[in-house]
Each structure stands twice: as C-alpha cells, then as structure tokens.
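Everything quoted here is computed from the prediction, not taken from an experiment. Residue numbering restarts at 1 for every chain, and letters A, B, ... go by the order of the sequence lines.
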Amino acid sequence: MASVSSQPQFRYTQPPSKVLHLRNLPWECTEEELIELGKPFGKVVNTKCNVGANRNQAFIEFADLNQAIAMISYYASSSEPAQVRGKTVYLQYSNRQEIVNNKTTADVAGNVLLVTIEGADARLVSIDVLHLVFSAFGFVHKITTFEKTAGFQALVQFSDTETASSAKNALDGRSIPSYLLPEHLGPCTLRITYSAHTDLSVKFQSHRSRDYTNPYLPVAPSAIDGSGQVIMGLDGKKLEPESNVLLASIENMQYAVTLDVLHMVFSAFGPVQKIAMFDKNGGVQALIQYPDVQTAVVAKEALEGHCIYDGGFCKLHISYSRHTDLSIKVNNDRSRDYTIPNTTPMVNSQPSILGQQPTSVMGSAVQYSGAPFTPSQEQPGMPQQPSAGWGPGVPPMPQSMPMQMHNNPYMPPGTMPPQAAPGMMQSPMQSGMPQSSMLPRYGSGQMQ
DNA sequence: AGCACA
C-alpha cells in the first residue's frame with residue numbers, strides 16, 4: 001500500500017483554501033484589523049490572531065472559497081502589498097480548510113441571529129412567539145425556522161448588527177417566558193449566535209418562515225389546507241388550524257365576565273359578529289366569531305394568556321375553534337348575534353359592569369383593529385384617548401417602552417405579569433404593576 | 001516571513 005503519510009507540512013504554493021494564512025503581522029494585530037483586511041473580498045467568517053512563536057501570524061477564513069481566491073489574486077497582482085498598520089503582510093492559502101477552535105461565524109456580529117431553541121418542547125414554539133420575543137429589541141424583518149441535528153432553530157433578521165446584538169446579549173441563554181408559551185410546555189431556552197446571513201430569503205409566509213417587511217407575500221400553498229383555510233402559524237400546542245372563530249376559556253374567574261365584557265374586549269381587534277358563552281368543565285368558555293381569520297389571529301395573539309382584570313383574574317386562554325359560523329338561536333345574556341341588531345334588545349354595554357370593578361382595566365382599544373401602534377405619537381398624558389382602555393391612570397403607551405411596541409401592532413400596552421417583571425413582554429390587561437416594570441429590560445433577574 | 005488549537 002502506498003503510504004499517504006508524507007504530506008509536507010506546508011508547500012510554497014498551496015492549493016486554494018477559504019482559509020488564508022497571514023504572516024509578518026504587526027504586534028498584537030486584532031481580529032478587527034483582519035476583518036478589515038479581508039472584507040473587501042468577501043465575508044470573513046472566522047479569524048485567528050497571534051499565531052506562531054512570534055504571535056505575528058494569523059488566519060482569515062472566508063465564507064466562500066472564491067472570496068479567498070479573490071483576495072490572493074488581488075494581492076498577487078497588486079502593486080500595493082496587503083498592509084496592516086502600514087506593515088506589509090504576506091498571505092497565502094492555508095493548508096487547513098477551516099479555522100478551528102476560535103470564533104466561528106457565530107461570533108462575527110451580524111444583523112441575523114441564529115437561534116437554537118432548547119428543550120423537550122422546543123419545536124412547539126411558534127414563529128409568532130419568536131417574533132414577539134425578538135420584536136422587543138427592534139423591527140424584526142424576517143424569521144425562518146428549521147430543524148437540524150442541532151434541534152429546532154430559527155434565523156432572525158434585524159435591520160442592523162446593533163439591534164441584533166442587543167437582542168443576542170439580552171436573550172442568549174435565557175428561556176422564553178412561560179406565559180408566552182402554550183400551557184404544559186417545558187422550558188425553552190434560547191441559545192443565540194450570529195449567523196453569517198445578512199438577508200434571509202423568505203418566499204412565502206408560512207408556519208416556518210415570515211417576512212414582516214412584506215405583508216403581501218403570498219401565503220405558502222403548503223400552509224393552506226383543503227378547505228382553503230390557512231393553517232400556518234402553528235401555535236404551539238397543536239397543529240391547530242386558524243379560524244375566524246376563537247374559543248376562549250376564562251380561568252380564575254373571580255369577577256363576572258359577561259357577554260358585554262367579552263364583546264368589548266374582543267371588539268378591540270375588529271368587528272365581533274357573534275358570541276356564545278357556555279359552561280364547560282366547571283369554567284366558562286366562549287366562542288367569539290370574527291368576519292375573517294386575520295382578525296381572529298390578531299386577537300388571539302394579543303389576548304392569549306392575558307387577564308381581563310388586575311391581579312390575574314379572569315385569565316384568557318384562547319384557541320381556534322373548529323367552527324366558522326356560529327349558529328345563534330337566541331340573543332340573550334349568553335349568546336348574541338351582533339350582525340342582526342334589530343332582533344337584539346341591545347342592552348348597550350353596561351358601564352356598570354366595568355364600573356363595579358375598581359380595578360377594571362378593560363376598555364375599547366379600538367386602535368388595535370388595524371393600524372400598527374405608533375408609540376411615539378402617543379403622549380402618556382393624552383386625555384380621552386379612546387384606546388387607553390387598559391386602565392385608568394395607565395398611559396396608553398408609556399414612553400419608556402417604544403422598543404417593545406416597535407413594529408408590533410398586536411401588542412396592546414400594559415404591564416408585564418408579576419412573575420416576569422424583568423421580562424420581555426407586557427401583559428396588556430394588567431395595569432397594576434409599577435411602571436418601572438414595563439421597561440423591556442433584561443439586565444437583571446431571570447426571564448421565566 | 002512560512003500554519004494554531006484540542
């Protein structure tokens with residue numbers, strides 16, 4: 001057998017590699033200087049400085065072989081040698097194909113984050129929850145999700161590296177707050193690195209990928225079922241098809257939740273066509289019908305897990321109903337068809353219902369029905385803001401949380417649940433928390 | 001000025 005063992009350690013002409021070996025570098029050359037040097041030729045995904053006995057050698061790894069070739073070729077014919085701090089550096093293809101044990105692509109900051117969701121239930125985390133989580137730091141352009149050997153992963157694209165970095169710094173190693181997750185899900189921990197991507201390619205809006213910069217992007221054919229119903233946005237628990245009818249169950253119902261209260265709450269997101277309330281499993285449930293799925297989706301996103309009243313009372317759990325059109329036989333205090341006003345002795349929404357709850361925080365947050373929130377335009381003291389309904393004395397949009405609401409039309413203002421004080425989310429209907437807790441700060445404490 | 005790290 002011919003031995004293949006006697007490859008020379010290096011040759012004077014190396015075969016191309018996307019790793020370049022640099023020598024004669026100035027003292028304590030930094031990674032940044034290496035990146036600067038390589039950047040004109042391509043994406044530098046890894047570097048290694050201070051190599052060799054004199055610590056004056058280094059490696060640069062490009063994302064693509066052609067980029068390394070471009071750099072070598074350029075300096076091979078350039079009259080100006082490659083320089084760092086005015087010192088000529090010599091470069092050649094490395095005899096390695098990749099740099100190991102140093103910063104990988106994962107540590108070269110970029111505007112796209114690679115998020116690995118750890119936990120037994122990681123793959124049940126919906127793209128919507130991820131969007132919510134990362135939107136706290138700025139406009140999320142796109143998200144793609146996929147499963148690999150590493151588990152359930154997502155790429156989250158921000159406008160710029162700074163925003164991505166702030167999200168990474170705040171969220172890496174933390175768990176998604178449990179109140180954002182469907183019940184019974186175990187902890188889902190985020191491991192975040194930088195991706196080498198700068199712009200994700202999202203062809204369709206689907207349960208696996210979203211482009212928030214392009215609402216007109218077609219919905220993935222695969223996300224539409226036989227009945228033409230959109231089933232994208234798997235919502236955590238199950239592959240629950242979206243529906244224009246929501247099933248709301250009310251937990252910890254210390255106060256009466258009437259049809260009118262529900263109507264008020266759900267009308268914030270669009271016209272409510274019908275409501276039917278009924279008892280089930282010792283609790284109260286209600287079916288709420290909107291004219292379209294979109295509105296229901298928005299309402300569900302905004303309301304799920306939130307409480308109608310302060311103190312964790314009347315917590316809503318919302319899922320999509322299999323119904324698409326409720327049959328309301330009679331208009332009474334448990335069911336109503338708002339599309340037929342004549343037949344309804346419309347007991348106009350009784351103010352007393354809210355009035356009798358000193359801590360009532362419900363209001364008609366009409367503006368959630370469509371336009372995105374524009375926090376900067378809302379002054380906390382603004383009187384008579386019809387949408388300021390989450391509680392008397394609580395500004396519709398505290399100035400302190402613009403990031404939070406940024407680009408997120410779905411999240412009503414409010415405070416965070418107590419257990420999540422330093423967390424990323426606010427719970428729209430709990431207004432009893434001190435305002436300081438509204439700050440989207442991750443610096444201290446743990447996320448749930 | 002000529003290839004690290006585990």
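- Rounded to whole angstrom, the span from the CZ atom of A:R55 across to the C1' atom of B:dA4 amounts to 11 Å.
- Proximity note for A:V100 (side chain, C-beta onward) versus B:dC3, B:dA1, B:dA4: the nearest is B:dA4.
- Atom NZ of A:K48 and atom P of B:dA6 are 8 Å apart (whole Å).
- Atom-to-atom, CD1 of A:I60 to C1' of B:dA4 comes out at 15 Å; the value is rounded to the nearest Å.
- When only modelled atom types and interatomic distance are considered, A:E251 and A:H317 share a side-chain donor-acceptor pair under 3.5 Å.
- In this structure, of B:dG2, B:dA4, B:dC3, it is B:dA4 that holds the atom nearest to the side chain of A:V51.
- Between the side chains of A:T116 and A:Q153, at least one donor N or O sits under 3.5 Å from an acceptor N or O.
- Distance CD (A:Q92) to C1' (B:dG2): 6 Å, rounded to an integer number of Å.
- By the 30° and 60° cut-offs, the orientation of the rings of A:H21 relative to A:F59 is tilted.
- Positionally, the nearest nucleotide of DNA chain B for A:R23 lies more toward the 5' end than for the other of A:V19 and A:R23.
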Problem set entry | A:Y74/A:F41 under ring pair (Phe, Tyr, Trp, His ring centres under 6.0 Å): CA gap, chis, key distance, verdict | CA-CA 9 Å; A:Y74 175 85; A:F41 305 96; 5.4 Å; yes
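- Between A:Q57 and the phosphate of B:dG2, there is a side-chain N or O to OP1/OP2 separation shorter than 4.0 Å.
- Between A:I250 and A:L316 there is a side-chain heavy-atom pair separated by less than 4.5 Å.
- In this structure, A:N95 atom CG and B:dA4 atom P are separated by 8 Å, rounded to whole Å.
- Residue ring and base: A:Y90 does not count as stacked with B:dG2 (centre distance below 5.5 Å and interplanar angle below 30° not both satisfied).
- The interatomic distance linking A:Q97 (CD) with B:dC3 (P) rounds to 17 Å, in whole Å.
- Aromatic ring orientation, A:Y290 versus A:F266: tilted (interplanar angle from 30° to 60°).
- Only at 4.0 angstrom or more do the heavy atoms of residues 63-71 of chain A sit from any atom of DNA chain B, so none qualifies.
- Atom pair A:R96:CZ and B:dC5:C1' shows a separation of 8 Å (rounding to whole Å applied).
- At least one side-chain heavy atom of A:Y75 sits under 4.5 Å from a side-chain heavy atom of A:L37.
- Along DNA chain B, the nucleotide nearest to A:N56 and the one nearest to A:G52 differ in position, and the one closer to the 5' end is contacted by A:N56.
- Regarding A:L25, its CG atom lies at a distance of 14 Å from the C1' atom of B:dA4, rounded to whole Å.
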